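Structure incoming, see below.
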Amino acid sequence: MNRALLAAALAAAVAAPVAALASAAIIQERQAGFKMMGDSMRAIQAVVQAGGPASAAVEPARAIAEHAPKIKTLFPAGSDQGARTRALPTIWSDRAGFEGRADAFAAQAQALLAAARGGDLGALRSALEATGQACGNCHRPYRAPER
């Protein structure tokens, strides 16, 4: 076997496991981020249900607002393989739609943070509901139900 062919075979043999590891790592990262956002949404809901103070929602709202813009980067091509994921193929086949909904969620996350910082419990309640709607707007077309 000539050197070029041997080098190509070796590169292919190394690339597949490396790609699988990278895919698993990105899936773990995005799942951890979504878990954190869900926990943060529940924490804000608890503040609203307890009647405030709205300032107690600032930190969980900040965590959501900081993570939300990263969502689009957590679904690179090929990251639907190699690990348990609920991401539907429509994320990749309707990339513009997915990114538009992710952008809308990120904007709503900023509004949630502003409401928490503003201290008005009614505004926080409304922003929380709108943020939940923005979550669902992406989940319905791009996330499979739990198995």
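Since the model is a prediction, treat every value here as computed from it, not as a measurement. Position 1 is the first residue of the sequence; numbering continues from there. Excluded from the calculations below are hydrogen atoms, water molecules and symmetry mates; all remaining heavy atoms, backbone and side chain alike, are included.
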For Ala109 and Ala68, the nearest pair of non-hydrogen atoms, with its separation, is CB-CB, 4.0 Å
Checklist entry - Is a side-chain donor or acceptor of Arg86 paired with a backbone partner of Ala144 at a separation under 3.5 angstrom? => result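 Yes; at least one donor-acceptor contact below 3.5 Å.
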* To do: Without swapping roles, check the side chain of Trp92 against the backbone of Phe75 for a donor-acceptor pair under 3.5 Å.
  =>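 Such a contact is found between Trp92 side chain and Phe75 backbone.
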inquiry  = Contact between Pro60 and Met37 at the side-chain level, heavy atoms closer than 4.5 Å - yes or no?
reply    = no
(request) Answer yes or no: is there a donor N or O on one side and an acceptor on the other, between the side chain of Ser40 and the main chain of Ala61, under 3.5 Å? (result)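 No.
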field: Heavy-atom donor-acceptor pair, Ser79 side chain to Pro76 backbone, under 3.5 Å
entry: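 It does hold such a pair.
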Shared ILVMFWY cluster between Ile71 and Leu88, side chains joined below 4.5 angstrom? no
Item to complete: Run the salt-bridge test on Glu129 and Arg125 with the 4.0 Å N-O cut-off and return the result as yes or no.
Response: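 No salt bridge links Glu129 with Arg125.
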### Message
Return the CE to CD distance between Met41 and Gln45, rounded to the nearest 0.5 Å.
### Response
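Met41 CE to Gln45 CD: 8.0 Å, rounded to 0.5 Å.
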Between His67 and Gly33 the two heavy atoms that sit nearest each other are NE2-CA, 3.5 Å
Anything under 3.5 Å between a donor and an acceptor, one on a side chain of residues 97-105, the other on a protein residue two or more places apart or in another chain? List them.
residue: Glu99; atom: OE2; partner: Arg95; partner atom: NE; Å: 3.0
residue: Arg101; atom: NH1; partner: Asn137; partner atom: O; Å: 2.5
residue: Asp103; atom: OD1; partner: Lys72; partner atom: NZ; Å: 2.9

Open item on the list: Between Thr85 and Arg30, do the side chains contain a donor N or O and an acceptor N or O under 3.5 Å apart?
Closed with: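 Result is yes, a qualifying pair exists.
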Looking only at heavy atoms, which two atoms of Gln108 and Ala134 are closest? And how far apart?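 It is CB-CB, 4.2 Å.
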When rounded to the nearest 0.5 Å, the distance separating CD1 of Ile91 from SG of Cys138 is 7.0 Å
Let me have the donor-acceptor pairs involving side chains of residues 46-53, under 3.5 Å, with sequence neighbours excluded, atom names and distances please.
none

Point to revise | Trace of the side-chain contact (heavy atoms from CB on, under 4.5 Å) decision for Leu124 with Ile44 | key: CA-CA 9 Å; Leu124 179 62; Ile44 298 167; 4.0 Å; yes
Of all heavy-atom pairs linking Val58 and Leu113, the shortest is O-CD1, 3.7 Å
Value for CD1 (Ile64) from CD (Glu59), rounded to nearest 0.5 Å, stands at 11.5 Å
*asked:* What's the separation between atom OG in Ser126 and atom CG in Leu112, rounded to the nearest 0.5 Å?
replied: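 CG of Leu112 is found 11.0 Å from OG of Ser126.
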Shortest non-hydrogen pair, Asp39 vs Arg42, comes out as OD1-NH2, 2.6 Å
